[in-house]
Amino acid sequence: MSTSDPGYRDGLPIRDWYASEERPKPIRDRYAKLEALRDLGVEPYAYSYSTSHSLADAHDAYEEGADAERIRVAGRILSLRDMGKSAFAHLGDRSGRLQIYCKRDGMEEREWQILELLDLGDWVGVEGSLFRTRTGEITVHVDSLTLLSKTLRPLPLGKTEVLEDGSEVVHSGFADVEMRYRQRYADLAVHPAVRDTFAARAKIVGALRRFLDEQGYLEVETPILQPLYGGAFARPFTTHHNTLDRTMYLRIADELYLKRLIVGNLDRVYEIGKVFRNEGLDRTHNPEFSMLELYRAYADYEDMMATAEELVSAAAAAVLDRTVVEWNHQTVDLSTPWKRISFHDAIREFTDLDARVASLDDLRKALPEDADRPEELDRSELLDGLFSSRVEPNLVNPTIVFDYPIEMSPLAKPKRGDPELAERFEVIVGGTELINAFSELNDPIDQWDRFAAQARAREDEKLEPQSIDVDYVRALEYGLPPTGGLGLGVDRLVMLLTGQSAIRDVLLYPVLRQYDE
RNA sequence: GCGCCGCUAGCUCAAUCGGCAGAGCAACUGGCUCUUAACCAGUAGGUUGAAGGUUCGAUUCCUUCGCGGCGCACCA
């Protein structure tokens with residue numbers, strides 16, 4: 001195909017499409033300016049521009065006395081105040097914003113003509129020297145201006161008014177939450193706070209990695225596309241491999257593949273990656289989310305409790321200079337050691353029931369009134385329902401809840417001296433599960449029993465049968481040393497440490513419904 | 001899946017009891033060589049989410065649908 005063939009959109013050659021009366025006027029106007037620029041011989045989409053400073057660095061350089069220095073900076077035009085023969089504008093980049101000042105006398109005529117064809121949002125590079133305006137703002141006196149990229153669509157830039165008390169009010173901002181997620185590029189472009197959240201996310205994930213690397217863990221990558229799924233109870237996403245003509249699943253957890261690596265003498269491993277669960281969407285659930293799982297040979301769940309505290313503390317220290325955070329209108333103190341309480345003590349504390357002796361009927365009565373079909377729930381489902389409805393909401397500061405009923409924990413070792421319990425704990429923060437960990441079950445025969453029990457339970461509930469992961473049991477036959485394992489919801493940790501209450505605000509591209517263009 | 005609320009100019013929002021669909025910002029034209037929500041004068045911009053119904057008349061009332069927000073359910 002020749003590049004001279006015009007592309008059509010809605011039946012019009014694309015250039016006519018942009019010029020068409022059907023387009024909103026701001027887009028038509030910008031397209032007209034694009035053509036005017038080309039008529040001037042200006043390439044509106046530049047190839048590169050070398051800068052000497054980021055905008056924030058340029059600002060700081062002046063404060064450090066570099067006023068005579070010529071600088072080259074670049075960014076998006078965030079505001080533009082044209083006064084006829086001079087103009088002020090603010091440029092914005094990732095580091096911040098900086099004012100520029102253009103004077104007709106001080107520039108080549110052609111560059112002044114470019115200036116007059118600029119719009120908010122356009123990318124420009126400028127060269128000039130720094131000075132301080134009469135009102136005290138550090139500003140670039142521009143003597144050369146280069147257009148780097150012409151925007152055809154106005155960004156939803158709000159105007160920021162600085163009130164007398166120093167507080168800022170944004171007028172006509174980008175308020176449509178749906179559009180902010182659908183057009184995350186625009187959201188990021190106009191909201192520095194959104195960029196800050198994702199910068200914090202990168203720091204948090206970096207801190208987790210650094211901590212584990214320093215502790216001698218090996219970072220690994222295990223299959224996302226799996227012939228069997230396991231390691232958690234959740235519905236999977238199902239797909240098909242054409243060449244192998246085989247059903248495959250996106251992983252719902254990393255667990256079983258990571259523990260195989262401990263069998264393989266990789267005695268400390270971790271993985272940070274996406275897992276996929278085919279469940280509903282809400283404020284704390286997205287179908288794909290990030291999980292950190294780590295496994296350490298010779299460790300048990302007590303060791304994992306210490307690791308949990310250290311991991312979260314390391315992540316918090318990377319983005320906060322304190323241990324108290326506000327989250328979902330609650331004040332959460334992350335400082336260690338965390339409170340520890342057994343599962344049954346926690347149930348007793350918030351329901352006055354001894355779940356070990358209580359009848360199924362008593363357990364049902366303790367459920368919230370709006371519980372769905374409580375009569376169909378078995379003992380372990382009732383306990384889980386009680387725990388999430390009556391206990392979790394009350395746990396604000398990080399709390400280690402340990403010794404879960406064993407039937408709720410098919411991959412955890414039985415508790416020493418009490419086979420009805422499993423050596424498992426969860427960390428609940430702000431009413432939300434953050435961490436799940438256990439002494440890993442390493443007895444292949446016990447593991448087979450538990451898998452088989454699960455398979456029977458699925459049959460009883462007439463769910464699609466799920467094959468036992470025979471290969472995983474074979475790996476256990478080769479010998480899994482005593483091992484502690486821990487899984488941490490990365491997105492929830494980022495939410496906690498950045499004060500966000502919705503998982504979508506810590507995911508760049510959360511799952512949304514199909515949007516009909 | 002259920003309930004409540006919302007969808008009006010490019011953006012943020014108004015519109016009384018069902019009676020001519022408006023404002024600010026952005027845009028466009030002109031003016032202005034230290035402005036900063038720049039300013040001054042003017043101009044243009046609408047299938048009120050979609051379809052249907054009631055009515056002389058619907059942004060407004062009713063029904064269905066779409067999308068979103070919040071809550072519930074689901075998610076050991």
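Values reported hereafter were calculated over all heavy atoms of this structure, with side chains retained and with hydrogens, waters and symmetry mates removed.
- Minimum atom distance to the side chain of A:Arg235 is reached by B:C74, of the listed B:C74, B:U33, B:G68.
- The A:Lys159 side chain lies nearest to B:A38 when the options are B:G10, B:A38, B:C34.
- B:U43 and B:U48: their P atoms are spaced 25 Å apart (whole Å).
- Within a heavy-atom distance below 4.0 Å of RNA chain B, the residues of residues 281-291 of chain A found are A:Asp282, A:Arg283, A:His285.
- In this structure, the CG atom of A:Leu155 is 15 Å from the C1' atom of B:A27, given to the nearest Å.
- Here A:Asp418 pairs with A:Arg356 under the salt bridge (charged side-chain N to carboxylate O under 4.0 Å, His left out) rule; sequence neighbours left out.
- A cation-pi arrangement, defined by a distance under 6.0 Å to the six-membered ring centre and an angle within 45 degrees of its axis, is absent between A:Arg390 and A:Phe350.
- The distance between the ring centers of A:Tyr18 and A:Tyr31 falls below 6.0 angstrom.
- A salt bridge links A:Arg251 to A:Glu271: at least one charged side-chain nitrogen sits closer than 4.0 Å to a carboxylate oxygen.
- Following rounding to the nearest Å, A:Met179 (CE) and B:G49 (C1') show an atom-to-atom distance of 12 Å.
- For the C1' atoms, the distance linking B:C20 with B:C39 amounts to 33 Å, nearest Å.
- If you take atom P in B:G46 and the same atom in B:C32, they sit 31 Å apart, rounded to whole Å.
- Here B:C75 presents its P atom at 16 Å from CG of A:Asn436, a figure rounded to the nearest Å.
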How does RNA chain B look in dot-bracket notation if pairs are Watson-Crick or G-U with both distances under 3.5 Å, crossing ones as [ ], other-strand ones as |? (((((((..((((.....[..)))).(((((.......))))).....(((((..]....))))))))))))....
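- Looking at A:Arg492, its side chain does come within 3.5 Å of a backbone N or O of A:Glu433 through a donor-acceptor pair.
- B:A14 and B:U59 are spaced 11 Å apart, taking the C1' atom of each and rounding to whole Å.
- Listed for the A:Trp327 side chain is a donor-acceptor partner under 3.5 Å among the backbone atoms of A:Gln500.
- Counting distance only, with no hydrogens placed and no angle test, the side-chain atoms of A:Gln99 and the base atoms of B:U35 include a donor-acceptor pair under 3.5 Å.
- Partners of A:Arg110 under the salt bridge (charged side-chain N to carboxylate O under 4.0 Å, His left out) rule, at least two apart in sequence or in another chain, do not exist in this structure.
- Atom OH in A:Tyr31 sits roughly 19 Å away from atom C1' in B:A27 (whole-Å rounding).
- With hydrogens and angles disregarded, no donor-acceptor distance shorter than 3.5 Å links the side chain of A:Gln330 to the backbone of A:Val396.
- Remark: the separation of the P atoms in B:A15 and B:C7 is 11 Å, to the nearest Å.
- Between A:Phe237 and A:Phe276, the ring planes are perpendicular. Angles over 60° get that label, and only those under 30° would be called parallel.
- Counting non-hydrogen atoms under 4.0 angstrom, A:Asp105 reaches a base of the nucleic acid.
- Between A:Glu127 and A:Arg70 there is a salt bridge, since a side-chain N of the basic residue sits under 4.0 Å from a carboxylate O of the acidic one.
- A gap of 38 Å separates the P atoms of B:G24 and B:G66, to the nearest Å.
- Remark: P of B:A44 and CD of A:Glu21 are 15 Å apart, rounded to the nearest angstrom.
- In this structure, A:Asp29 atom CG and B:C28 atom P are separated by 5 Å, rounded to whole Å.
- A centroid separation of less than 6.0 Å is found between the aromatic rings of A:Phe343 and A:Tyr404.
- To the nearest whole angstrom, the two P atoms, one in B:U60 and one in B:C17, are 15 Å apart.
- Under the 3.5 Å distance criterion, the side-chain polar atoms of A:Lys150 are matched with a main-chain donor or acceptor of A:Leu117.
- Residues of residues 77-92 of chain A that place a heavy atom closer than 4.0 Å to RNA chain B, in numerical order, are A:Arg81, A:Asp82, A:Met83, A:Gly84, A:Lys85, A:Ser86, A:Phe88, A:His90.
- Comparing B:A73 with B:G57, their P atoms sit 47 Å apart, to the nearest whole Å.
- Heavy atoms of A:Thr133 sit under 4.0 angstrom from at least one base atom.
- Residues satisfying the salt bridge (charged side-chain N to carboxylate O under 4.0 Å, His left out) test with A:Glu349, not counting sequence neighbours, are none.
- Heavy-atom nearest nucleotides on RNA chain B were determined for A:Glu137 and for A:Pro26, and the one closer to the 5' end corresponds to A:Pro26.
- Rounded to whole Å, atom P of B:A27 lies 10 Å from atom CG of A:Leu157.
- Residue A:Phe174 contributes atom CZ, which lies 15 Å from atom C1' of B:A26 at whole-angstrom precision.
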